[in-house]
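Structure first, then comments.
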Amino acid sequence: MKADIFADLSWRGLIHQTTADEFLPNWLNSGSRTVYIGFDPTADSLHVGSMLQLLVLRRFQKAGHRPVALAGGATGMIGDPSGKSEERNLLGVDDLRKNIVGIEKQLKQFLDFDCGENSAVLVNNFDWMRKFSYLDFLRDVGKNFPVNVMLAKDSVKSRLGRDDTGISYTEFSYMLLQAYDFVHLNRQYQCELQVGGSDQWGNITAGIDLARRMHSVQLYGLTCPLLLTSDGKKMGKTESGTVWLSPERTSPYAFFQYWRNIADADVGNCLRFLTELSHDEILALDESRAAAPHECQSQIRLAEYLTQLVHGDSGLATARRATDIFFGAVIENLSDRELGEIFADVPGKELPRESLRGEGLSIVDALAESGLAKSKGDGRRTVQQGGAYVNNRRVENIETQLTEKDLASEAVMVLRAGKKRYALLRFRDE
RNA sequence: GGGGGGUUUCCCGAGUGGUCAAAGGGGACGGACUGUAAAUCCGUUGGCAACGCCUUCGCAGGUUCAAAUCCUGCACCCCCCA
């Protein structure tokens, strides 16, 4: 085998729990194994939390194992109660289908599907679950689940004995589906190891038990820690929402900035969990962070690495250029298209081009129109306090009139109030 | 059923006839500092055709040259006694 995957995962802190601590290291190093992780289609894109799982799968592949990525078309219809304090709303079938398509696209991006022996496999559990009749499922699968064992699982226990919320039969049955997936993948692909977040332990062990009961085979499980910040919150959530992998939902710039702003206390874990940087480089970054925290070398390396990985070279380039501009570089000689990319997250307003002719448009009116100022008085104040910028040049004079020569590109002008609040004005011809 | 207190600008909260666009604090915003952090400091914080004008102090009327402030009615909230 190419590398000692278990030792690497362990060094990175990616192993939370396994079903066979003694056995797994040698087993993984002595042959190519098939490993599976499931992904929930709760949205049409994966987010930062599931990225950790996906990257673990990728690590397995790079170490010579065969990864199976499962999109939960069937399980998504039911809803995993693990880690949820309340009953879920079921997703509509159409949404689900759309989500599966989006997620499969992302899974393909991280795994190699064309590398011979250990090419990745993409499956959707709807494909085999749909064929099951309810009666068959109860006889073949349900019979193997003692309810008293199911009741003891954390995911179920945490929902029982509460007055405000319970658990439906549907969600209660969820673990049977996931357990059966493991058995099915074992039969069809000789999959023997299931990996998941630490909240998946109950579902994974359920699958291992089921395989033993149905086919007398021994399977294995490994869980990873959840990606949490040092104050115990889920990573990848900001005030403005979740950080997604798809550029439609989270622009490369916003993605880059998320990592660029990770707290010192968290960035070490992120480097270990989410990058494939060498141990030496990570240790060197740890040292540089202790010695010169203000240089943010760890954050920058992390942001560049992940943006490149998720959005590619061009995404990274856009993010970099946007970063320069968002932090004050004067904006000139750009095209409408480039500005559109860079300011993808920025609100805009259309105005007739006519307003730039003659006298021009006063800076105060422009701020008010763009929404950066609540009123003209507010805009006036912003200028007087030195907080108004056009194309990142500070506007000193309250009397300033904007004309066509203030355009940053063919038809767009970039307004800014304060350090970070931007807005675009687009001037269209009549 | 009786008695008392309250309702103020984004929030809390002062103001009890003119000097009130309304103290103070919080929040927010701008500036400085800084590591794109935190803290700190300074400034701003109803609108506008702006040394002036208009709108705002629960709602609707009234007294007055002048009302957030006084009177009447209404709505809602709180407390005490039955």
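Below, chain A is the first sequence line, B the second, and so on; all start at residue 1.
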- Message: Categorize A/A417 for me: base, sugar-phosphate, or nothing, with a 4.0 angstrom heavy-atom threshold over every strand shown.
- Response: sugar-phosphate

- Task: Would you mind classifying the nucleic acid contact of A/R381 as base, sugar-phosphate or nothing, using non-hydrogen atoms under 4.0 angstrom?
- Result: sugar-phosphate

- By nearest nucleotide on RNA chain B, pick out whichever of A/F327 and A/D365 is the more 5' one. A/F327

- Query: Nearest nucleotide by nearest heavy atom, which residue falls closer to the 5' end of RNA chain B, A/N261 or A/K419?
  - Reply: A/K419

- Message: Looking at A/Q257 and B/U36, is any side-chain donor or acceptor paired with a base atom of the opposite kind under 3.5 Å?
- Response: yes

Is [X] close enough to [N] that one of its side-chain N or O atoms is under 4.0 Å from OP1 or OP2 there?
X: A/R421; N: B/G30; result: yes
X: A/K420; N: B/C29; result: no
X: A/R416; N: B/C29; result: no
X: A/K376; N: B/A49; result: yes

- Does CZ belonging to A/R337 count more than 12 external heavy atoms closer than 6.0 Å? no

- Mind checking whether A/F326 and A/F343 have parallel, tilted or perpendicular rings, split at 30° and 60°? tilted

- Query: Is the A/H279 ring parallel, tilted or perpendicular to the A/W11 ring (thresholds 30°, 60°)?
  - Reply: parallel

Gap in Å between the two [atom1] atoms, one belonging to [N] and one to [M], rounded:
N: B/U72; M: B/A67; atom1: C1'; result: 15 Å
N: B/C80; M: B/C42; atom1: P; result: 44 Å
N: B/G73; M: B/G2; atom1: P; result: 14 Å
N: B/G25; M: B/G13; atom1: C1'; result: 8 Å
N: B/G52; M: B/G62; atom1: P; result: 30 Å

- Message: Let's see if you get this right: which residues in residues 294-321 of chain A place a heavy atom under 4.0 Å from RNA chain B?
- Response: A/H294, A/C296, A/Q299

- Candidates B/G31, B/U45, B/C48 - which lies nearest the side chain of A/S375: B/C48

- Message: From C-beta outward on A/Q385, which listed nucleotide comes closest to its side chain: B/G30, B/U36, B/G35?
- Response: B/G30

Would you mind checking if [Y] and [X] are paired as a salt bridge, meaning a charged N to carboxylate O distance below 4.0 Å?
X: A/R159; Y: A/E171; answer: yes
X: A/R393; Y: A/E332; answer: yes
X: A/E117; Y: A/R66; answer: no
X: A/E276; Y: A/R59; answer: no
X: A/K98; Y: A/D94; answer: no
X: A/R272; Y: A/D286; answer: yes

- Query: How far apart are the C-alpha atoms of A/D365 and A/K376, what are their side-chain angles, what is the distance that settles it, and do they pass the salt bridge (Lys or Arg N to Asp or Glu O under 4.0 Å) test?
  - Reply: CA-CA 6 Å; A/D365 285 337; A/K376 289 185 187 178; 3.3 Å; yes

- Whenever both distances are under 3.5 Å in a Watson-Crick or G-U wobble pair, mark it; put RNA chain B into dot-bracket that way, with [ ] for crossing pairs and | when the partner is on another strand. (((((((..(((.....[.....)))((((((.......))))))(((...)))...(((((..]....)))))))))))).

